[in-house]
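Proteins get letters first, then strands, A, B, ... in listed order; numbering begins at 1 in each. Quantities reported herein were computed from a predicted structural model and do not represent experimental measurements.
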There are 2 protein chains.
Amino acid sequence: MVPVKQRTLTWNDLIELFRSQKSWMNGIVAALDVTPQMAHALNEIPESGSITMKVLSAALMCDASNMTGIIDRLEARALVERRADPDDRRVKCVALTPAGKRLRKRIDEAFNQPPPAIAAMPVADQRALGNLIRQALTHAEAQRLERTGS
Amino acid sequence: MVPVKQRTLTWNDLIELFRSQKSWMNGIVAALDVTPQMAHALNEIPESGSITMKVLSAALMCDASNMTGIIDRLEARALVERRADPDDRRVKCVALTPAGKRLRKRIDEAFNQPPPAIAAMPVADQRALGNLIRQALTHAEAQRLERTGS
DNA sequence: TATTGTTATACTCTATAACTATA
DNA sequence: TATAGTTATAGAGTATAACAATA
């Protein structure tokens, strides 16, 4: 009877799981012929309508200059298009093209699956894990608001 | 009474948590004046003794040519040193310098803490999460062996 | 003056291919 | 021939600073 370790979840545990599943995820995005960041950006652009560069770079938590490059690459692939904002001519609105919408849907489906290491667990554990992680996400969001919105 | 969502853990949940905690982690490694990959490499080099470039690149799941660059940067900072392997002159052994050992210890302590979003949860939940994630890690390792060792 | 987005620049990380030196 | 590591190269992501257009 091996005693179960009763330790809290550390950053090391989390990053180790993330790294172990990275090649699975890289394979999925590579098969769709995009990079992880391009996939993330596509996922943040609404199915219909548009999003500004500023909001997009906040969602990807990267610098605005960085966002320019990622959207450049998506635009070169005709997956998105930049539009002028009629109300404020400084602002650029990014919208999905039909091809972008199709790709976004495929990415969305792939990323809403459990990664292989999770899928190998009993379903009850997968659910317990899902509930706990989503609870952690609410704390993360609250802490983010505390940092930025004070 | 809001019903709790009973969904399994998806890749989207996991990556969202990871991204939300990334700036916290980036802050820690930046304060220690290393990049995340440099920190990871330092953590894989044993406290005493050495590790070969090949084993190191397998641990970081990156190409060998990539490993050369990361170790170059650590060596330029005098945190590690390359030694010749007396048994096989093709092999390079990487070992920590005294400064590397000190830094490795600080990294190890930082990464064995729960990230802020986890630390905000009740300790019982943190432990449950730790046990479930470490269970997932054993599945990940089994799947890795299945892929490579068959 | 402040804000949105871009350009210029520099560095890290990433992989592939060609190479050196061993085995 | 095969393996360990490096170099050369190219592309992607990252941040900072300077800039243009607009508010």
Nearest-nucleotide comparison on DNA chain D, the residue closer to the 5′ end among A/Gln37 and A/Asp87
A/Gln37
Round to a whole Å and report the spacing from NE2 of B/His40 to P of C/dC13.
12 Å
In whole angstrom, what separates A/Asp33's CG from D/dA12's P?
10 Å
Close residues, residues 72-86 of chain B, relative to DNA chain D [heavy-atom separation under 4.0 Å]
B/Arg82
Applied to residues 45-75 of chain A, the ring pair (Phe, Tyr, Trp, His ring centres under 6.0 Å) test, sequence neighbours excluded, yields none
For residues 51-63 of chain A, which residue pairs pass the salt bridge (charged side-chain N to carboxylate O under 4.0 Å, His left out) check, not counting sequence neighbours?
none
Do any pairs count as a salt bridge (charged side-chain N to carboxylate O under 4.0 Å, His left out) and have a residue in residues 28-53 of chain A, sequence neighbours left out, and if so which ones?
A/Asp33-A/Arg77, A/Glu47-A/Arg104
Whole-Å distance between C/dA15 C1' and B/Met61 CE?
15 Å
I need the CD1-P distance between B/Ile71 and C/dC13, as an integer number of Å.
11 Å
Atom pairs, N/O to N/O, protein against nucleotides 1-4 of chain D, distance under 3.5 Å?
from: D/dT3; atom 1: O4'; to: B/Arg90; atom 2: NH1; distance (Å): 3.4
from: D/dT3; atom 1: O2; to: B/Arg90; atom 2: NH1; distance (Å): 3.0
from: D/dA4; atom 1: OP2; to: B/Lys54; atom 2: NZ; distance (Å): 3.0

Can you list everything that forms a side-chain hydrogen bond (donor to acceptor under 3.5 Å, both in side chains) with A/Ser23? Sequence neighbours excluded, please.
none
Test of understanding: with side-chain hydrogen bond (donor to acceptor under 3.5 Å, both in side chains), list the residues that count as partners of B/Asp13, not counting sequence neighbours.
A/Arg134, B/Thr10
side-chain hydrogen bond (donor to acceptor under 3.5 Å, both in side chains) with A/Asn26: which residues, sequence neighbours excluded?
none
Take atom CE of B/Met67 and atom P of D/dT6, then tell me their distance rounded to the nearest Å.
10 Å
Salt bridge (charged side-chain N to carboxylate O under 4.0 Å, His left out) partners of B/Arg90, counting only residues at least two apart:
B/Asp88
Which whole-number value in Å describes the distance from B/Ile70 CD1 to C/dC11 P?
17 Å
Sequence-distant partners of A/Arg89, side-chain hydrogen bond (donor to acceptor under 3.5 Å, both in side chains), two or more places apart:
none
Counting only heavy atoms not in A/Arg19, do more than 12 sit closer than 6.0 Å to its CZ atom?
yes
Given D/dT14, C/dT14, C/dG5, which nucleotide is nearest the side-chain atoms of B/Lys22?
D/dT14
Please determine whether a side-chain nitrogen of the Lys or Arg among B/Glu81 and B/Arg83 lies less than 4.0 Å from a carboxylate oxygen of the Asp or Glu.
yes
Calculate the interatomic distance between B/Leu56 atom CG and D/dG5 atom P; express it in whole Å.
10 Å
Ring pair (Phe, Tyr, Trp, His ring centres under 6.0 Å) pairs, two or more places apart, involving residues 21-40 of chain B
A/Trp11-B/Trp24
So which protein nitrogen or oxygen atoms get under 3.5 Å of nucleotides 16-20 of chain C's nitrogens or oxygens?
from: C/dT16; atom 1: O4; to: B/Ser65; atom 2: OG; distance (Å): 2.7

